[in-house]
Each structure stands twice: as C-alpha cells, then as structure tokens.
K.L.:
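Quick one: the structure is below, and I'll ask about it shortly.
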Amino acid sequence: MPELPEVECLTRVVRVALKGGRLLDAAFLRADLREPIPVDEFRRLLVGEVVEDVFRRSKYLLMKTRRGYGVIHLGMTGALVQHDTAAPQEPHTHAVFRIANRRGRESYLHYVDARRFGRISCLAGASYESHAFFENLGPEPLVCPDLGGHLFNESRGRKQPIKAFLMDARMVVGVGNIYASESLFRAGIHPEREAGSVARARYGRLAAAVRETLEASIQAGGTTFRDFRNADGKPGYFAVSLNVYDRADEPCRRCAATIRQLRQSGRSTFFCPVCQS
DNA sequence: CTGAAGACCTGCCTGC
DNA sequence: TGCAGGCAGGTCTTCA
C-alpha cells in the first residue's frame, strides 16, 4: 500500500528513467480506474513531449511537459514497474507507457493496479498547484520548516482524535494509516487523544516523529506491505522495523507491554497502552 | 462549519 | 474442497 515514502522512492526511479527524455506512447488497456482516465487529453499533453521534470506532491507523481502535467496516483494497490517489453507482464496491467530516457534508450513503464483505486490524469498549463487535486493540500512533512507549530495551530479547537487529524491531507500530506500509527508511537501520543488538547511541545515531537518515520522508510526503499513494489519490481524493506502497525497482541519493542488494536473512523489503529498517553 | 461513515474495488484470509 | 463473508485503506462523497 503505497504511502509517501513508497511514492518518493518510485518518483526517484521514474525521474532517472524519464527526466529529459520523452513519453513516446501511452497505451491504455482499460481506462476505468477510480475515475475514467482522460485518454485523449493525456496523450495530447504528454505523448511526444520532452519530460522536463518528474516530481512528487503528496502521494501524486507528476510528469511535467511544456503543455502540462501527467498525474499518477497509485491508490492502494497501484505500482509502476519498468520493463523492456510492452506486453503486460502480470494481471491488472491497465496502462503501458513507452518512454525514452535522455539518451534515447527506450523502455516501458507498466501501470498495474489490482483494485483500481488509483488515478491517471493530466492537467493542462504551466502550474498544477491550483488544480482541485492539490489546492487544499497541507504542507509536505519532509520540508515544512515548522510542521509542529503548523499542526499545533491547526489543531486548536478540534475535538477529532489526533490520529484522524494527522491523516487529514489538509493538515499535512503523506501520513497514511501505517505511518500515523508509527509516528504517534514514536512521539508517545495516544491515538485517541483530542487533537485540540495536545500541547505545542508534543506537536513538536510528533512532527519530528513523522519526519523520522518517513525518512527511515525512504532510506529503506519504502515499506513492504502486501502490494507495494518499487519501479524496478523490488520490494522495500521497512516492514521489519514497524513498531506497532499490524502487531496487535505482540510485545512492545520498547516496554514489552501488549500492543493493542482499535478502530478509528473505520481504520485500524495500533498503539502501546504504556508508551502512549 | 465539523467529524464520522459510506462507497469505490478485488485479492487474500478465515471459518464453516 | 468450496464458498461466503470480512478485511485491507486513499480519497472523495454523503450525511448528521
């Protein structure tokens, strides 16, 4: 399940493969993802054009050309895998992009997504920030200069549990279910605590915990969990160091108390009842 | 406005 | 063995 570190790792691989090169063709085997792929517009904005940049905003991967942007979101089960052939290599291959790197060497990026929660779209024009996908997004956790202060300010008056608050992309992007549990553990904050009741200093610790957790996962190549693979098809290796996620009834690595599981807003939360308060 | 719940989708796992 | 049912969750929509 791709979260921000997975998308960051993928973006780096795609950047090497595509920045300064061209998208030569885009074949769509089925266009009915979470929303229909705008096939004609996508081709018009991207095919044949030089890819000036490949970057990430939140969990979206963007490819910039002089005409606009290609936008890819992997949803829950999506993957973008590089191959030497256009022929689908596995079930649920929904799109195949023929690309050339800046030296002209050709390869293929296969978009694979069993559950079709993902999104392939495009934006015309020179800027992407004002588009509906992006206009309400909070800051990037890895580069925001004062994430703790920002979260503290945004949280005042909110009765929402801090875990739901932390996962709200309008507050900060890129903290999905796994990293929300892990970050709250690292910061020692109970996931059910009211967001508005958490002190400024604790938000400072939480912001540091979010950053450390995400960066550790990026270093490890993204969390391996069920469906995720990197663009070269290799799994990431972060799952081995998860402290609480999916560890219900197992001992806390810090204090040996039993890790507990609960449901918040329909999502599984894992926490240590001793380390987190 | 807030916050919670539902919908989307399909592979995998459990239990009968 | 087969099959029903629950679960996974990012994001958008709906509802109270």
Side-chain angles (χ1 to χ4, degrees), chain A residues 1-8 10-11 29-38 56-62 71-80 88 90-95 111-121 123 128 131-138 140-141 151 153-184 191-198 210 214 217 222-229 235-236 238-239 242 244-249 261-270:
Chain A
M1 50 192 74
E3 298 206 39
L4 184 146
E6 288 82 350
V7 182
E8 177 63 28
L10 175 71
T11 299
L29 287 73
R30 66 181 296 173
D32 56 329
L33 304 185
R34 202 158 76 85
E35 65 188 19
I37 301 170
R56 175 189 65 73
R57 170 69 171 121
S58 186
K59 294 172 187 170
Y60 292 91
L61 183 152
L62 292 96
V71 181
I72 295 177
H73 194 296
L74 300 178
M76 279 285 302
T77 53
L80 207 51
E90 56 188 308
H92 310 297
T93 300
H94 304 313
Y111 179 85
V112 184
D113 185 3
R115 233 168 290 180
R116 307 212 311 281
F117 269 24
R119 161 180 276 156
I120 297 177
S121 192
L123 312 173
Y128 66 94
H131 187 273
F133 292 166
F134 304 102
E135 66 176 347
N136 292 318
L137 292 179
E140 289 288 332
L151 291 175
N153 292 336
E154 290 287 338
S155 67
R156 293 309 90 184
R158 290 189 187 272
K159 297 186 178 302
Q160 191 179 28
I162 191 163
K163 193 224 180 191
F165 172 78
L166 188 58
M167 289 179 65
D168 187 336
R170 293 170 299 184
M171 305 304 151
V172 59
V173 303
V175 185
N177 203 44
I178 296 173
Y179 295 99
S181 281
E182 291 298 316
S183 300
L184 287 167
E192 290 181 298
R193 183 166 289 279
E194 267 186 27
S197 77
V198 175
V210 166
L214 294 174
S217 183
T223 301
T224 292
F225 220 78
R226 301 194 173 97
D227 306 294
F228 178 71
R229 287 150 296 168
F238 190 58
L242 292 174
V244 289
Y245 187 84
D246 207 27
R247 295 194 65 235
D249 301 324
Q261 178 174 6
L262 52 83
R263 287 191 85 73
Q264 293 178 283
S265 307
R267 297 283 179 260
S268 289
T269 300
F270 301 85

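This structure is a prediction, so every number in the text was calculated from the model and none was measured. Numbers restart at 1 for each chain; the letters A, B, ... are given by sequence-line order, proteins then strands.
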K.L.:
Just call it for P161(A): base, sugar-phosphate, or nothing, with non-hydrogen atoms closer than 4.0 Å on any strand.
P.N.:
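Sugar-phosphate contact only.
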K.L.:
Nearest to the side chain of Q160(A), heavy atoms from C-beta on, is which of dC8(B), dC12(C), dG3(B)?
P.N.:
dG3(B)
K.L.:
dG10(C), dA8(C), dC9(B): which one has an atom nearest the side-chain heavy atoms of R116(A)?
P.N.:
dC9(B)
K.L.:
Just call it for R170(A): base, sugar-phosphate, or nothing, with non-hydrogen atoms closer than 4.0 Å on any strand.
P.N.:
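The residue R170(A) makes no contact with any strand.
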K.L.:
For dG10(C), take OP1 and OP2 only and decide whether either is under 4.0 Å from a side-chain N or O of H73(A).
P.N.:
no
K.L.:
Which part of the nucleic acid, if any, lies within contact of R34(A), taking any heavy atom under 4.0 Å across all strands shown: a base, the sugar-phosphate backbone alone, or nothing?
P.N.:
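Answer is base: heavy atoms of R34(A) come under 4.0 Å of a base.
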K.L.:
Quick one, E140(A) with R56(A), criterion salt bridge (charged side-chain N to carboxylate O under 4.0 Å, His left out). Give me CA distance, side-chain angles, the key distance, then yes/no.
P.N.:
CA-CA 10 Å; E140(A) 289 288 332; R56(A) 175 189 65 73; 2.8 Å; yes
K.L.:
What orientation do Y128(A) and F134(A) show, parallel under 30°, tilted 30 to 60°, or perpendicular over 60°?
P.N.:
perpendicular
K.L.:
Tell me whether the count of non-hydrogen atoms from other residues, nucleotides or ligands lying under 6.0 Å of CG in D32(A) goes above 12.
P.N.:
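Enclosed.
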K.L.:
Would you say the base of dG10(C) and the side-chain of R115(A) have a donor-acceptor pair closer than 3.5 Å?
P.N.:
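Side chain to base: no pair below 3.5 Å.
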K.L.:
Measure the shortest side-chain to side-chain distance between R57(A) and F133(A) over non-hydrogen atoms and say whether it is less than 4.5 angstrom.
P.N.:
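Side chain of R57(A) against side chain of F133(A), heavy atoms only: no contact under 4.5 Å found.
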K.L.:
Contact class for F165(A) vs. all strands (heavy atom < 4.0 Å): base, sugar-phosphate, or nothing?
P.N.:
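Nothing, no heavy atom under 4.0 Å.
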K.L.:
What is the distance, rounded to the nearest whole Å, between atom CD of E90(A) and atom P of dG11(B)?
P.N.:
12 Å
K.L.:
Check every atom of dG3(B), dA8(C), dG10(C) against the side chain of K159(A) and return the nucleotide holding the closest atom.
P.N.:
dG3(B)
K.L.:
If I take atom CE in residue M76(A) and atom C1' in nucleotide dT11(C), what distance separates them, rounded to the nearest angstrom?
P.N.:
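The answer, rounded to whole Å, is 11 Å.
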